[in-house]
Number of protein chains: 2
Amino acid sequence: MTTIFLKQITTFTKTIVKMDFQVKFDINDRIYLRNPENSEVGKLMVKKAIDLIYELGFEQFTFKKLAIEIHSTETTIYRYFENKHRLLLYILNWYWCYMEFLVTFKLENVTDKKERLKIIVHLLTHELAESTSKFDYNKAFLNQIVIAESSKVYLVKDVAEINRSEVFKPYKDLCAKIAEVISEYNSDYKYPRSLSTTLIETSHHQQYFSVNLPKLTDISSNKNSEFTSQFIEDFLFKVLGQSGDEMV
Amino acid sequence: MTTIFLKQITTFTKTIVKMDFQVKFDINDRIYLRNPENSEVGKLMVKKAIDLIYELGFEQFTFKKLAIEIHSTETTIYRYFENKHRLLLYILNWYWCYMEFLVTFKLENVTDKKERLKIIVHLLTHELAESTSKFDYNKAFLNQIVIAESSKVYLVKDVAEINRSEVFKPYKDLCAKIAEVISEYNSDYKYPRSLSTTLIETSHHQQYFSVNLPKLTDISSNKNSEFTSQFIEDFLFKVLGQSGDEMV
DNA sequence: TCATTTAGTATAGTATTACTATCAAGTGTA
DNA sequence: TACACTTGATAGTAATACTATACTAAATGA
């Protein structure tokens, strides 16, 4: 069980929503050897892993460096996670679950189908709200990890074997959730899932490119998340039609 | 200088074109320490690297394994490439240059603006034609490497430093070339470069997902390159408008 | 033609990575 | 009190990602 502390002020869609409560969700127990949520070292391990992967990049990140950071040993970390790939997968599972929760939460009571899609685009292209809890993960870092490292969990030779343990389920669920909102908007559209993953993946690499390889984008200013958001929204409504439930 | 041997029969767009000639292009000399094209070991090194990276995946690929494969030593390989990341970059530079050449070549004398875009989508979503030359790279393997490993050359912490040596120029050029054809088709479209990279990247991961994580797509049959091609084409012409030079 | 540079090979060695094994100490609980 | 369970300390291994040195053969060039 993972606890999310939500304490944020959202000024999105002209309403101000203040949240301050807890949510819990499960993470597939085949990702870890021992649940990091059940101990202090475990929780510290994941939190500091996010800081270190952000700082060093996944390739330079090692269990040795993490052990030093949390004043523990490699042995202890290996008791929780088989290897660093699994730890990254754990972090991303947390993110995918959290994102699916946020989508569900933010769409609550929003009936306008276009608005529902806009909310999703906004969530995918803007940073997660920082929580005030000291025990929570650094959302700005988590966001950068999702953008720069997430493809490394599935672009591996043994993806088939890894996939068998259902560790990509939260990504698939998020994809299905967004696909559902797409189909609600335009039930004739033939590729809701592919469009869903395209939205997710494109929001990652357009953000990455606009910062690191701007010539691969059309960014002009330095407001890259606004840029990505506009690009994605523009193509989404051109693909699905400007007004809901009818083909163009 | 790199030599391409083209020997292929294309049945695309109802015409049969038979090609059998050579093309050469330069690869940025800051990628390598010594030009692999200038020696037999060098050429064998790159060719076998493609085979090995395909077979093992980039993470499991090492210079030691490559040395054994080409009956040479690690030392020799290190004289050509600083590290395996640079070797992958060399292979991808070759691919990006080749793809830009293919785009230019296949668009020659095609005036219909929609047809021009369709040709690009076809090139991005279908396997490269295999050449008959024994000395040439294995195109099927190269294709899989581009799909599964290409993002690993830019999703690294030191991307800024790597970018300074202009090693991503062929990717940027390919992006600019496609962006040009997009703008020709619809001069009002605001994001030609972002759409261009989205086409390239999306064609990679939709192909990857349709084979390895099909739930993230809408694939039904097993003809995944046809599927990706249809999805991308549908997407592209909805974004740019069904008929050229007018906004929908 | 002889001297010099260049390319490839052989061998050796280092620091780090990615683990595994063993055992002792502390803590919680039945 | 005894046992399970977790963590830590220490040690060790095979592989990785290199670097250094020195020798040989071939090409170049004055």
Side-chain angles (χ1 to χ4, degrees), chain A residues 1 29-49 52-53 55-91 149 152-153 156-158 161-162, chain B residues 1 27 29-49 52-53 55-91 149 152-153 155-158 161-162:
Chain A
M1 288 301 224
D29 62 12
R30 276 183 276 183
I31 291 174
Y32 49 76
L33 300 170
R34 182 170 300 173
N35 192 339
E37 280 305 305
N38 289 346
S39 74
E40 291 307 308
V41 240
K43 279 183 267 188
L44 189 61
M45 198 177 288
V46 177
K47 183 177 161 54
K48 288 286 180 184
L52 266 185
I53 293 172
E55 193 194 322
L56 306 169
F58 187 61
E59 286 74 22
Q60 303 306 312
F61 167 80
T62 67
F63 277 4
K64 181 85 202 165
K65 290 170 185 169
L66 179 57
I68 293 166
E69 193 71 17
I70 63 172
H71 306 291
S72 178
T73 59
E74 278 181 274
T75 322
T76 301
I77 301 169
Y78 276 109
R79 287 216 179 87
Y80 284 86
F81 297 100
E82 240 179 283
N83 50 50
K84 67 175 184 172
H85 182 270
R86 289 278 153 161
L87 177 45
L88 180 59
L89 202 47
Y90 180 89
I91 292 166
E149 322 287 359
K152 294 168 191 172
V153 300
V156 289
K157 258 289 147 172
D158 54 347
E161 204 200 315
I162 295 170
Chain B
M1 288 298 224
I27 284 177
D29 62 12
R30 277 183 276 184
I31 291 174
Y32 49 77
L33 300 170
R34 182 172 299 173
N35 193 339
E37 279 305 306
N38 289 344
S39 74
E40 290 308 309
V41 240
K43 279 183 268 188
L44 189 63
M45 198 176 287
V46 176
K47 184 177 161 54
K48 289 286 179 185
L52 267 185
I53 293 172
E55 191 193 322
L56 305 169
F58 188 61
E59 287 74 23
Q60 305 305 313
F61 166 80
T62 68
F63 276 4
K64 180 86 203 166
K65 290 170 185 168
L66 179 56
I68 291 164
E69 193 71 15
I70 63 172
H71 306 291
S72 180
T73 59
E74 276 182 277
T75 323
T76 301
I77 301 168
Y78 276 110
R79 289 228 171 79
Y80 284 86
F81 297 100
E82 241 179 281
N83 50 51
K84 69 174 184 173
H85 183 269
R86 289 276 152 161
L87 176 47
L88 179 59
L89 203 46
Y90 180 89
I91 292 166
E149 322 287 0
K152 294 169 190 171
V153 300
L155 293 178
V156 289
K157 258 288 149 176
D158 54 348
E161 204 200 315
I162 294 169

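Protein chains get the first letters and strands the later ones, always in sequence-line order, with residue 1 at the start of each.
Contacts of Leu33(B) classified as side chain to side chain contact (heavy atoms under 4.5 Å, CB included), with partners at least two apart in sequence or in another chain: Glu82(B). Judged as a side-chain hydrogen bond (donor to acceptor under 3.5 Å, both in side chains), and not counting sequence neighbours, Thr75(B) has no contacts.
For the atom pair NZ of Lys48(B) and CD1 of Ile77(B), the computed distance is 12.5 Å after rounding to the nearest 0.5 Å. Here the straight-line distance linking atom CD of Glu74(A) with atom CD1 of Ile68(A) works out to 8.5 Å at 0.5 Å rounding. Taken to the nearest 0.5 Å, the CG atom of Leu56(A) stands 5.0 Å off from the CG atom of Leu52(A).
Applying the salt bridge (charged side-chain N to carboxylate O under 4.0 Å, His left out) rule to pairs touching residues 56-70 of chain A yields Glu59(A)-Lys152(A), sequence neighbours excluded.
A close approach under 4.0 Å does occur between a side-chain nitrogen or oxygen of Tyr80(B) and OP1 or OP2 of dG8(C). Between Ser72(B) and dG8(C), a side-chain N or O to OP1/OP2 separation shorter than 4.0 Å is absent.
Straight-line distance from the CZ atom of Arg34(B) to the P atom of dT5(C): 16 Å, rounded to whole Å.
Phe81(A) comes within 4.0 angstrom of nothing in the nucleic acid, heavy atoms only.
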Exercise for review: Could you give me the CA-CA distance, side-chain angles and deciding distance for Ile91(B) and Glu149(B), then say whether side-chain contact (heavy atoms from CB on, under 4.5 Å) is met?
Suggested key: CA-CA 11 Å; Ile91(B) 292 166; Glu149(B) 322 287 0; over 6 Å; no
Exercise for review: For Val46(A) and Tyr80(A), run side-chain contact (heavy atoms from CB on, under 4.5 Å): C-alpha distance rounded to whole Å, both residues' side-chain angles, the deciding distance at 0.1 Å, then the answer.
Suggested key: CA-CA 10 Å; Val46(A) 177; Tyr80(A) 284 86; over 6 Å; no
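End-to-end axis angle for the helix from dT1(C)-dA30(D) to dA30(C)-dT1(D), using five pairs per end and rounding to 10°, comes out at 10°.
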Report all interatomic pairs (protein N or O, nucleotide N or O of nucleotides 16-27 of chain C) with separations under 3.5 Å.
{"residue": "dC19(C)", "atom": "O5'", "partner": "Tyr78(A)", "partner atom": "OH", "Å": "3.1"}

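Results of the side chain to side chain contact (heavy atoms under 4.5 Å, CB included) test with Leu89(B) over Ile27(B), Asn83(B), Val153(B) single out Val153(B) as the only residue that passes.
Contacts between chain B and DNA chain D, taken as any atom within less than 4.0 angstrom of a protein heavy atom, begin and end at dT16(D) to dA22(D).
Between Phe58(A) and Phe61(A), the ring planes lie parallel to each other; the angle is under 30°, not in the 30° to 60° tilted range.
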